[in-house]
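When a residue number appears, it is its place in the shown sequence, counting from 1.
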Amino acid sequence: MTDLRIALVTGASRGLGAAFAEVLATSHHPIAVARTVGALEELDDRIKANGGSATLAPMDITQTDAMAHLCHSIHERWGRLDLWIHAAIHAPPLSPVDHIDANDWRLSIATNATATATLIPMVAPLLNGRGSRAVFFDDPHTSEKFFGAYAATKAAQIALARAWSSETARLGPAIHVVTPNPMSTATRARFFPGEDRSALANPGEEALRLLDDPLG
């Protein structure tokens, strides 16, 4: 066991996940999970430049055995997690529902829904300390045209998180579902390629805002 606060960040290579990992490194030791090795190494360089440290875990959250091994390793090394930031997402191309690509649907289900349902039972036993928390990010596009695959699978993820939040309300851990402001990220650029990005929030500033309110 250690007094060092430990944060697991799934989806840490880019966007809000990377921003959270970088911001948290001033007060936590982040375990950064993502598939893109190069982006994780760039994140590590930024964290080290600011005097922090991180553990890089280049893996795919849909690989159950790999994630089970990671959670076991976290238990063996630190005995717990203080915070889980779940920012991993598959954002398929916008498409009419009757033109959804079967592979994009499979990846959306696997990443956004199935991986979340698989990870919660793995991570929950690690969130065993006083004040431990998990954070999920809502991005509601239900009923919007062309968002069918993304909205349906993201809604499934958030339904799991909200149910878990209700179930742990009395004894913990605290489960937060927050809605970030529109941000200048690669995912949003895929959805809205002609958008004026200067009007969008910076992911780093948004991570700081969400940590202060309501996460504390």
Side-chain angles (χ1 to χ4, degrees), residues 1-12 15-17 19-21 23-33 54-55 57 61-62 64-90 108-142 150-181 203 206-216:
M1 294 285 281
T2 174
D3 292 332
L4 182 67
R5 287 193 286 177
I6 309 299
L8 175 66
V9 184
T10 40
L16 189 59
F20 261 101
V23 167
L24 284 166
T26 63
S27 57
H28 293 65
H29 179 82
I31 302 162
V33 178
T55 296
I61 65 164
T62 67
T64 302
D65 289 347
M67 294 306 298
H69 179 73
L70 175 65
C71 290
H72 178 74
S73 297
I74 291 169
H75 174 72
E76 289 292 307
R77 182 171 180 182
W78 293 290
R80 72 181 197 286
L81 284 172
D82 298 286
L83 177 62
W84 176 26
I85 300 289
H86 187 48
I89 197 72
H90 176 69
S108 299
I109 288 284
T111 305
N112 304 345
T114 303
T116 303
T118 303
L119 283 171
I120 288 173
M122 293 182 185
V123 175
L126 297 169
L127 295 168
N128 58 14
R130 185 175 180 180
S132 58
R133 301 169 293 168
V135 186
F136 298 81
F137 302 98
D138 200 5
D139 187 16
H141 290 284
T142 306
Y150 176 77
T153 54
K154 185 65 172 173
Q157 180 188 93
I158 296 305
L160 290 166
R162 292 193 189 282
W164 190 24
S165 177
S166 297
E167 293 154 6
T168 62
R170 188 168 68 90
L171 298 177
I175 312 302
H176 302 275
V177 176
V178 299
T179 304
N181 291 320
E206 196 65 4
L208 283 170
R209 182 185 72 82
L210 292 170
L211 281 172
D212 288 337
D213 181 22
L215 304 184

Nearest heavy-atom contact between Phe137 and Ile158 is O-CD1, 3.7 Å
Distance col, row Asp82:CG vs Asn128:CG, nearest 0.5 angstrom, shows 9.0 Å
Here the gap from Leu83 atom CG to Ser27 atom OG, rounded to the nearest 0.5 Å, amounts to 8.5 Å
When every non-hydrogen atom of Leu160 is compared with those of Ile120, the smallest separation belongs to CB-CD1, 4.4 Å
Nearest heavy-atom contact between Arg133 and Gly131 is CG-O, 3.3 Å
Residues Ile6 and Arg80: closest non-hydrogen pair is CB-O, 4.1 Å
Rounded to the nearest 0.5 angstrom, the CG-CE distance for Leu119 and Met122 is 6.0 Å
Minimal heavy-atom distance between Asp138 and Pro180, with the atoms involved, is O-CD, 3.6 Å
* **Side-chain donor or acceptor of Thr62 paired with backbone N/O of Ala115 under 3.5 Å** => no
- prompt: So, Ser165 side chain and Ala161 main chain: donor-acceptor pair closer than 3.5 Å or not?
  reply: no
- [ ] Output yes when a side-chain donor or acceptor of Asn112 lies under 3.5 Å from a complementary backbone atom of His90, and no otherwise.
- [x] yes
**Prompt:** Is it true that a side-chain atom of Glu206 and a backbone atom of Leu16 form a donor plus acceptor pair closer than 3.5 Å?
**Reply:** no
For Ser108, is there any backbone N or O sitting under 3.5 Å from a side-chain donor or acceptor partner on Thr111?
no
The reported gap from CG in Leu208 to CG in Leu24 (rounded to nearest 0.5 angstrom) is 9.5 Å
| said: Are the side chains of Leu70 and Ile31 in contact, using a 4.5 Å heavy-atom criterion? | reply: yes
Ala87 and Gly17 have their tightest heavy-atom pair at CB-CA, 3.7 Å
Rounding to 0.5 Å, atoms OG1 (Thr55) and CZ (Arg77) come to a distance of 4.5 Å
Q.
Ring-plane angle category for Trp78 and His29, please: parallel below 30°, perpendicular beyond 60°, tilted otherwise.
A. tilted
Ser132 vs Leu81 side-chain heavy atoms within contact, under 4.5 Å
no
Interatomic distance, OG1@Thr168 vs CD1@Ile175, rounded to 0.5 Å, equals 4.5 Å
Could you check if a side-chain atom of Leu210 sits within less than 4.5 angstrom of a side-chain atom of His176, using non-hydrogen atoms only? no
| request: Given side-chain contact (heavy atoms from CB on, under 4.5 Å), test Thr116 with Phe136 step by step and report yes or no. | output: CA-CA 10 Å; Thr116 303; Phe136 298 81; 3.9 Å; yes
